[in-house]
Peer 1: 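What follows is a single structure, and I will ask about it in a moment.
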Amino acid sequence: MLHAVIMAGGSGTRFWPQSRKQRPKQLLPLAGSESLIQQTAARCQPWIPPERIWVVTNARQIEATREQLPQVPPGNFLVEPCGRNTAPCVGMAAIRLLQADPEAEMLVLPADHVIQPDEIFQAACQRAASVLVQHPEGLILFGVRPTYPATGFGYIERGQPLADRADAIYEVARFREKPDAPTAAEYLASGRFYWNCGIFVWRAARILQALAEYEPELSAGLQQLTDAADWSAAVEQVFPTLKSISIDYAVLERARHVFVLEAPFGWDDVGSWLAVARLRGADDAGNTIDGPWSGVSTKDCIVRTTPDHLVATIGVEDLVIVHTSDATLVARKSDEDGLRKLVSQLEQEGRGNLL
């Protein structure tokens with residue numbers, strides 16, 4: 001049976017000050033009334049019932065995550081004692097799934113993306129799962145057709161279509177990491193490249209087999225969890241010793257039988273404050289507002305504030321202004337690098353309590 005594994009361990013510093021280590025962006029309502037992780041879980045239901053939804057998060061965020069997903073059984077939350085990238089995360093989840101279901105298939109997806117509409121996403125996932133009937137060794141990725149020459153995404157180049165499939169499923173020819181602008185423009189013009197959106201479908205046993213083949217040391221560490229009498233204690237002991245590596249580098253860029261399915265759904269990785277304007281829309285002056293605000297000669301701004309705090313602006317444009325109970329950010333909308341530097345500076349200044 002198909003199980004959904006939601007990866008929800010990120011810190012989301014690009015959405016500071018609303019996003020914090022204990023309440024990262026997946027727990028925020030950035031694109032609607034529900035948080036991103038609530039939307040992700042809802043997107044999988046009812047065709048994947050709650051007992052087959054699994055969430056991988058960290059100890060700092062586990063309580064808030066459980067509160068937001070009361071429909072998911074408590075035992076389906078897997079807690080990482082520290083960050084080790086996606087390969088250990090996926091491997092740990094695969095082991096746990098096989099304990100519950102020896103024939104488990106995995107739909108692996110990030111907690112913090114916006115995908116629409118749900119019914120098309122569900123149909124695409126069911127198509128991916130159907131490939132496993134004919135190709136049980138398959139490792140299936142979703143590729144999003146690029147709409148502009150993005151330099152911040154990894155790319156997948158498609159190869160030959162699967163001979164036994166009539167839909168848009170291809171062998172993967174190669175992977176390309178974040179390209180420079182001219183190369184990204186070439187990828188866009190060629191029509192052969194997709195954005196790698198980090199959504200995967202495969203058999204749990206198959207991904208563990210691939211990890212054993214390509215990352216034997218990591219696999220040996222994970223296998224210590226298989227027969228552990230105390231799962232939580234074993235994870236606490238073993239997980240910090242595992243190699244930190246993405247599932248892309250560990251397996252997908254090296255394995256055989258890797259396929260890409262062209263995503264028919266709308267997708268946004270909600271990577272910065274600019275995404276909020278895209279997803280929520282703007283008024284006639286280009287402003288995206290959430291909370292009490294009054295402005296004069298204000299254009300193309302993003303303003304987010306608490307219900308009890310008015311933000312007033314005069315003669316400004318292209319700003320992101322975010323007010324919380326203990327911090328206020330004012331920045332150029334496009335200056336993502338500046339926000340990263342600010343977060344680092346706050347840490348150096350001993351203001352880690354604000355992160």
Side-chain angles (χ1 to χ4, degrees), residues 1-7 39-55 76 86 90-91 93-111 113-145 156-175 191-211 213 247-248 251-253 255-267:
M1 291 184 290
L2 186 63
H3 298 246
V5 176
I6 301 173
M7 298 185 293
Q39 292 178 30
T40 301
R43 191 176 301 126
C44 298
Q45 297 178 67
W47 60 291
I48 300 179
E51 60 267 24
R52 285 193 273 122
I53 295 177
W54 304 78
V55 181
N76 285 24
T86 55
V90 167
I95 289 170
R96 187 66 189 88
L97 263 62
L98 288 174
Q99 292 173 342
D101 175 8
E103 301 299 323
E105 298 167 344
M106 301 173 67
L107 165 63
V108 181
L109 60 165
H113 294 178
V114 169
I115 293 172
Q116 297 174 330
D118 288 356
E119 58 270 20
I120 292 181
F121 170 76
Q122 293 171 5
C125 292
Q126 291 168 333
R127 283 169 52 205
S130 73
V131 176
L132 298 181
V133 176
Q134 300 160 305
H135 301 274
E137 76 287 3
L139 303 168
I140 304 166
L141 303 79
F142 280 94
V144 175
R145 184 173 289 278
I156 305 165
E157 183 178 9
R158 74 186 190 199
Q160 295 298 315
L162 290 191
D164 55 357
R165 303 287 301 192
D167 42 14
I169 301 178
Y170 305 87
E171 297 177 358
V172 171
R174 60 175 178 165
F175 292 86
R192 301 191 312 273
F193 286 83
Y194 299 110
W195 291 332
N196 185 352
C197 65
I199 301 174
F200 315 117
V201 176
W202 46 54
R203 293 169 51 247
R206 169 64 179 126
I207 197 63
L208 289 176
Q209 178 189 45
L211 283 168
E213 180 177 356
I247 196 67
D248 301 77
V251 172
L252 298 177
E253 296 191 10
R256 302 170 299 278
H257 311 298
V258 181
F259 309 128
V260 57
L261 189 156
E262 182 174 327
F265 45 79
W267 172 82

Peer 1: For Tyr194, what residues pass the ring-ring contact (aromatic ring centres under 6.0 Å, His included) criterion, not counting sequence neighbours?
Peer 2: none
Peer 1: A side-chain contact here means heavy atoms from C-beta on lying under 4.5 Å apart; do Cys44 and Leu109 qualify?
Peer 2: yes
Peer 1: Hey, what do you get for CD (Glu171) to CD (Glu157), rounding to the nearest 0.5 Å?
Peer 2: 12.5 Å
Peer 1: Could you tell me whether the side chain of Trp202 reaches within less than 4.5 Å of the side chain of Ile247, counting heavy atoms only?
Peer 2: yes
Peer 1: If you measure from NE2 on His113 to CD1 on Ile6, what distance do you get to the nearest 0.5 Å?
Peer 2: 12.5 Å
Peer 1: Heavy-atom distance under 4.5 Å between the side chains of Arg127 and Pro264, does that happen here?
Peer 2: yes
Peer 1: Can you find a heavy atom in the side chain of Asn196 that is under 4.5 Å from one in the side chain of Phe175?
Peer 2: yes
Peer 1: Is there side-chain contact between Leu162 and Tyr170, with at least one heavy-atom pair below 4.5 Å?
Peer 2: no
Peer 1: Within the supplied structure, the quantity of interest is the number of heavy atoms (other residues, nucleotides, ligands) at a distance under 6.0 Å from Gln160 CD; does it exceed 12?
Peer 2: no
Peer 1: For the CG atom of Leu98 and the CG atom of Leu208, what is their distance to the nearest 0.5 Å?
Peer 2: 6.0 Å
Peer 1: Just verifying a value: how many Å separate Phe259 CZ and Ile169 CD1, rounded to the nearest 0.5 Å?
Peer 2: 9.0 Å
Peer 1: Look at the side chain of Arg203 and the backbone N and O of Met106, then say whether any donor-acceptor pair between them is shorter than 3.5 Å.
Peer 2: no
Peer 1: Find out whether Glu262 and Arg158 are in side-chain contact, i.e. whether some heavy atom of one side chain is under 4.5 Å from a heavy atom of the other.
Peer 2: yes
Peer 1: With sequence neighbours left out, what residues match Ala263 under side chain to side chain contact (heavy atoms under 4.5 Å, CB included)?
Peer 2: Phe142, Val144, Phe265
Peer 1: Report the distance from atom CD1 of Ile207 to atom CG of Leu97, rounding to the nearest 0.5 Å.
Peer 2: 12.5 Å
Peer 1: Tell me, do Val108 and Met7 make a side-chain contact under 4.5 Å, heavy atoms counted?
Peer 2: yes
Peer 1: Taking the side chain as everything from C-beta on, heavy atoms only, tell me whether Arg256 gets closer than 4.5 Å to Glu213.
Peer 2: yes
Peer 1: When Val258 is tested against each of Val172, Ile156, Ile140 for side-chain contact (heavy atoms from CB on, under 4.5 Å), which residue passes?
Peer 2: Val172
Peer 1: Working note: Leu141 + Ile199, criterion side chain to side chain contact (heavy atoms under 4.5 Å, CB included); need CA distance, chi angles, decisive distance, verdict.
Peer 2: CA-CA 6 Å; Leu141 303 79; Ile199 301 174; over 6 Å; no
Peer 1: Measure the spacing between CE of Met1 and CG of Asp101 and express it to the nearest 0.5 Å.
Peer 2: 4.5 Å
Peer 1: Stepwise, does the side chain to side chain contact (heavy atoms under 4.5 Å, CB included) test hold for Trp267 with Trp195?
Peer 2: CA-CA 10 Å; Trp267 172 82; Trp195 291 332; 3.8 Å; yes
Peer 1: When you measure from the side chain of Arg206 to the backbone N and O of Glu137, does any donor-acceptor pair fall under 3.5 Å?
Peer 2: yes
Peer 1: Using the six-membered ring wherever Trp is involved, compare the ring planes of Trp54 and His3 and label them parallel, tilted or perpendicular (cut-offs 30° and 60°).
Peer 2: tilted
Peer 1: Which atom names give the shortest non-hydrogen contact between Ile53 and Ala41, and what distance separates them?
Peer 2: CD1-O, 4.0 Å
Peer 1: Between the main-chain N or O of Glu51 and the side-chain N or O of Asn76, is there a donor-acceptor pair closer than 3.5 Å?
Peer 2: yes
